[in-house]
There are 2 protein chains.
Amino acid sequence: MSADRQSWKDIRDRIRDQILDRTYAPGDKLPRDADIAEQFGCARTTVQRAMQDLSDTGLIERKRKGGTHVRANPVTRATLDIPITRLEVEETGAVYGYQLIDRKVLPTPREVAAKFEQVEPNSMLRVQALHLADHKPHILEDRWVSIETAPEILDVDLARESANEWLVRNKPYTRFDLRIYAISADAETARMLATEPGSALLVLERTTWIGTDPITSVRSITIPGYQLLTKS
Amino acid sequence: MSADRQSWKDIRDRIRDQILDRTYAPGDKLPRDADIAEQFGCARTTVQRAMQDLSDTGLIERKRKGGTHVRANPVTRATLDIPITRLEVEETGAVYGYQLIDRKVLPTPREVAAKFEQVEPNSMLRVQALHLADHKPHILEDRWVSIETAPEILDVDLARESANEWLVRNKPYTRFDLRIYAISADAETARMLATEPGSALLVLERTTWIGTDPITSVRSITIPGYQLLTKS
DNA sequence: CAGTGGTCTAGACCACAGC
DNA sequence: CTGTGGTCTAGACCACTGT
């Protein structure tokens, strides 16, 4: 009956098993952490750690005073890693390439300003660029950068270094927003991505802030067949 | 000099600030947890908790013996919540509806078997269904369920309860795989989603296992304009 | 082999939310 | 007001991995 040293993952798995085998069914209340700790012969901190993990992955819900419940309507919670485009390309073994298409300071269009809630930058730098994999188009990037938050961007030679890389290394964000959808390629987009007009393309739209200051909003249009995968 | 009680979030923010202001630049090594704890006048456990969070969000990288480094190439790490389709629809205030299109036991096609690595089910239940929002098509679901892992599915009245809901409540998974991409609607798909052939559609493909046993693989085709958003 | 992050324990106090 | 989860502390040991 001597309790071996148990890791929080052991505890987590044992609790999860009890949920899977319906010892605790969806909607049921689980015992207090303290009682579970006693039952398993470990410290309450260890149970807390296990519960935190189950809560993070969406299997249970915890409330102070309310206790811990098995979620009645579990969600699928997935983590997406979006690397710098260059690294994403290089990881597949392909040769990365980059072309600046256009670079212009412009007044902020309304639809771009709208993405930055609250603070709306007056004029921004618009950068259009193409990322290549093995000399073929890979991602078409349409980016707006706040000149007020990142004035240094004006001095960067964007023909050599992509705004993507410069920003990620020099303007870390504290908050971001990601939106994923599909579009049908128009003639211009199709031409730049070397594909057919009407092709279905996956689009990633990201907006980033540092504190409440807007940094950048970018629309990345991928080539046909592009897939996003969840990490492990 | 009396150090006030500090929460791990305070510590996390202070460390993050030091990274943002370049006290520690990308690639730099941070001091050992113990030293940071001393510097901030808190327990090492608290620093550990703060570091764990920064590591989770992709800002730093930690290695035993190797120490803690600011990531040279930060990734954007986003969390996606994918709820049960009915709840997703109801949350927008729309009326949820559901139609079973077809239900058939079939030998597992090769492309479906391939999604379940290792264990490949022999015959599966194929369920095609349509989820409606305000009586209009919303998501078209093409699902394969393992009869070996979830034989009870054969007795479920799938005309009344969607396989989506039944599975989520009765066959929780321990592992899953998610893939997101865009397709162009073919004639049949367009007809069922009441849209034009050639429309760009976002597709979510999910495969789930319980342990190493395959449960289901589903392809959810969304209507034009559908968007995935990151949580908070 | 030794340094650094990862985890466990026991006990205490805090903070939020139901009662 | 009181119960329950959330966190902090101090100290100890473990486990991975670079040297």
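What you see is a predicted model, and the numbers here were worked out from it, not measured in a lab. Reckoned from all heavy atoms, side chains included, excluding hydrogens, waters and symmetry mates.
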[X] [atom1] - [N] [atom2] separation (whole Å):
{"X": "A:Asp56", "N": "D:dG6", "atom1": "CG", "atom2": "P", "result": "10 Å"}
{"X": "A:Trp8", "N": "D:dC14", "atom1": "CH2", "atom2": "C1'", "result": "16 Å"}
{"X": "A:His69", "N": "C:dG18", "atom1": "NE2", "atom2": "C1'", "result": "11 Å"}
{"X": "B:Asp33", "N": "D:dT9", "atom1": "CG", "atom2": "C1'", "result": "15 Å"}
{"X": "A:Ile11", "N": "C:dG6", "atom1": "CD1", "atom2": "P", "result": "20 Å"}
{"X": "A:Arg12", "N": "C:dC8", "atom1": "CZ", "atom2": "C1'", "result": "16 Å"}
{"X": "B:Asp10", "N": "D:dG6", "atom1": "CG", "atom2": "P", "result": "18 Å"}
{"X": "A:Ile36", "N": "D:dT4", "atom1": "CD1", "atom2": "C1'", "result": "12 Å"}

Using a distance-only criterion (donor-acceptor N/O pair, under 3.5 Å, no hydrogens), is the base of C:dG6 paired with the side chain of B:Arg44?
yes
Measure distances between side-chain N and O atoms of B:Arg64 and base N and O atoms of D:dA15, and say whether any donor-acceptor pair falls under 3.5 Å.
yes
Below the 4.0 Å mark, does [N] have OP1 or OP2 next to a side-chain nitrogen or oxygen of [X]?
{"X": "B:Arg49", "N": "D:dC8", "result": "no"}
{"X": "A:Arg32", "N": "D:dG3", "result": "no"}
{"X": "B:Thr45", "N": "C:dT7", "result": "no"}
{"X": "B:Thr68", "N": "C:dG5", "result": "yes"}
{"X": "A:Gln48", "N": "D:dG5", "result": "no"}

Determine the contact category for [X]: base if any of its heavy atoms lies under 4.0 Å from a base atom, sugar-phosphate if only primed atoms, P, OP1 or OP2 are that close, otherwise nothing.
{"X": "A:Gly66", "result": "nothing"}
{"X": "B:Thr46", "result": "sugar-phosphate"}
{"X": "A:Gln52", "result": "nothing"}

Show the numbers, then the answer: is there a salt bridge (charged side-chain N to carboxylate O under 4.0 Å, His left out) between A:Asp13 and A:Arg16?
CA-CA 5 Å; A:Asp13 291 345; A:Arg16 187 204 273 139; 3.3 Å; yes
Among B:Arg64, B:Arg49, B:Arg62, find the residue that satisfies the salt bridge (Lys or Arg N to Asp or Glu O under 4.0 Å) test when tested with B:Asp33.
B:Arg62
Option among B:His131, B:His135, B:Glu90 that satisfies the side chain to side chain donor-acceptor pair (under 3.5 Å) test with B:Tyr96:
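With B:Tyr96 as partner, B:His131, B:His135, B:Glu90 yield a single side chain to side chain donor-acceptor pair (under 3.5 Å), made by B:His131.
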Both distances below 3.5 Å, Watson-Crick or wobble geometry, any strand: find the nucleotide opposite D:dT19.
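Base-paired to nothing in any strand shown.
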Counting heavy atoms from C-beta on, name the nucleotide in C:dA10, D:dA10, D:dT2 closest to the side chain of A:Lys65.
D:dT2
One pair to check against salt bridge (charged side-chain N to carboxylate O under 4.0 Å, His left out): B:Glu205 and B:Lys115. What are the steps and the verdict?
CA-CA 10 Å; B:Glu205 213 173 271; B:Lys115 296 187 197 307; 2.9 Å; yes
Test: B:Arg86 cationic atom under 6.0 Å from B:Tyr98 six-membered ring centre, within 45° of axis
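That pair does not qualify as a cation-pi contact.
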